[in-house]
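Below is one structure; the comments refer to it alone.
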Number of protein chains: 2
Amino acid sequence: MNAKEKALIEAKANILKALGHPTRLWMAEQLAGGEKCVRELAKNIDADFSTISKHLSILKQAGVVDVDKRGKQVYYRLKVPCILNFMPCVEAVLQATAQSHIELMQHKQVVSEIEAL
Amino acid sequence: MNAKEKALIEAKANILKALGHPTRLWMAEQLAGGEKCVRELAKNIDADFSTISKHLSILKQAGVVDVDKRGKQVYYRLKVPCILNFMPCVEAVLQATAQSHIELMQHKQVVSEIEAL
DNA sequence: TGCATATTTGGTCGTTTTACCATACGTGAA
DNA sequence: TTCACGTATGGTAAAACGACCAAATATGCA
């Protein structure tokens with residue numbers, strides 16, 4: 001892996017990392033419905049404003065969101081909305097994992113039934 | 001946000017977080033070409049085997065990869081291959097960010113030219 | 001059985017992340 | 001200008017992360 005490839009993979013990982021926190025992912029999903037100011041985003045999160053502000057700045061520095069100050073408010077919006085097209089596949093991973101667990105449980109069930117004979 | 005929604009968003013964020021590390025993202029991309037054993041994956045990474053193994057276990061516990069032991073080797077593969085369909089959009093974010101930087105630079109250039117008058 | 005290979009696990013340690021609090025900054029209204 | 005509101009920044013402490021080394025485990029072969 002040369003330096004350019006390495007830099008690219010680091011940049012991409014950084015974006016995924018920015019979305020890899022519940023609060024930040026939630027905020028990104030909220031922004032799918034259009035821009036929102038910090039106060040609106042904070043409304044449903046149980047955390048300090050400073051915490052929320054820092055999360056938003058992480059999303060911003062990752063390039064996930066864009067900022068627009070208008071009057072006293074600061075509005076955030078998704079910079080590249082396709083970022084959330086990913087979610088159905090992420091949910092598929094969750095389902096596949098849940099399915100594995102079910103199968104594992106069933107397997108254990110069968111094993112213990114056999115052992116009980 | 002109720003408990004169920006919270007759990008869902010945490011689970012999704014956890015998957016993104018798992019992919020949010022250069023080494024893990026790189027390994028996931030390698031697996032797009034089909035299953036590989038640890039040694040093969042390690043070949044192009046400059047890190048201890050134990051480090052690589054731990055990264056793989058994070059991917060596994062996140063449900064991104066599946067494991068299959070065959071003989072002395074342990075083979076890893078993507079559990080839900082669509083996970084990498086996301087990359088083009090991630091790259092679009094990078095491009096958009098790069099574009100902003102260019103525009104910012106151009107803007108600064110213009111400003112300094114004006115100021116030089 | 002004993003050994004080499006392939007991978008994982010446990011321990012340690014420096015770094016990063018995250019949350020909170022206090023405080024600063026910027027803006028519009030009075 | 002002063003105040004209140006909305007948001008950002010700095011500091012700090014606890015927790016999580018990531019890398020390495022050493023040691024453990026599992027497998028196939030001599």
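Chain letters run A, B, ... following the sequence lines, proteins first and then strands; every chain starts at 1. Not measured: the values here are computed from a predicted model.
Following rounding to the nearest Å, A/Leu41 (CG) and D/dA8 (P) show an atom-to-atom distance of 10 Å. Spacing between atom NZ of A/Lys72 and atom P of D/dA8 amounts to 15 Å, rounded to whole angstrom units. One atom, CZ of B/Phe49, and another, C1' of D/dA23, lie 16 Å apart when rounded to the nearest Å. Atom CD of B/Gln73 and atom C1' of D/dT27 are 10 Å apart (whole Å). Taking atom CG on B/Asn14 and atom C1' on D/dA16, their separation rounds to 13 Å, with Å as the unit. Rounded to whole Å, atom C1' of D/dA8 lies 11 Å from atom CG of A/Leu56. In this entry the distance linking CZ of A/Arg70 with C1' of D/dT7 reads 15 Å, nearest Å. Remark: P of D/dT25 and NZ of B/Lys69 are 13 Å apart, rounded to the nearest angstrom.
Of the candidate nucleotides D/dG6, D/dA8, C/dT7, C/dT7 has the atom lying nearest to any side-chain atom of B/Val74. For B/Ser50, the side-chain atoms get nearest to D/dA22 when compared with the rest of D/dA22, D/dT7, C/dT7.
Classification of A/Arg24 and A/Glu29 as a salt-bridged pair fails, no side-chain N sitting under 4.0 Å from a carboxylate O. Remark: B/Arg70 engages B/Glu35 in a salt bridge, criterion side-chain N to carboxylate O under 4.0 Å. Salt-bridge formation is not detected for the pair A/Glu10/A/Lys17: no Lys NZ or Arg NE/NH1/NH2 atom is positioned less than 4.0 Å from an Asp or Glu carboxylate oxygen.
Here the side chains of B/Leu31 and B/Arg77 are not in contact, with every heavy-atom distance at 4.5 Å or above.
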Is there any protein nitrogen or oxygen under 3.5 Å from a nitrogen or oxygen in nucleotides 17-19 of chain C, and what are the pairs?
| from | atom 1 | to | atom 2 | distance (Å) |
| --- | --- | --- | --- | --- |
| C/dT17 | OP1 | A/Lys17 | NZ | 2.7 |
| C/dT18 | OP2 | A/Arg24 | NH1 | 3.2 |
| C/dA19 | OP1 | A/His21 | NE2 | 3.4 |
| C/dA19 | OP2 | A/His55 | NE2 | 2.5 |

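Within 4.0 Å (heavy atoms only), A/Tyr75 reaches no atom of the nucleic acid at all.
Across every non-hydrogen atom of A/Ala96 and B/Val80, the tightest pair is CB-CG2, 3.9 Å.
Here B/Tyr76 does not reach the OP1 or OP2 of C/dA6: none of its side-chain N or O atoms lies under 4.0 Å away.
Clustering ILVMFWY residues whenever any of their side-chain heavy atoms sit less than 4.5 angstrom apart, transitively, puts A/Leu19 in the very cluster that holds B/Leu84.
The nearest heavy atom of DNA chain C to A/Gly71 and to B/Val67 marks one nucleotide each, and the one closer to the 5' end goes with B/Val67.
A donor-acceptor pair under 3.5 Å is formed between the side chain of A/Glu40 and the backbone N or O of A/Cys37.
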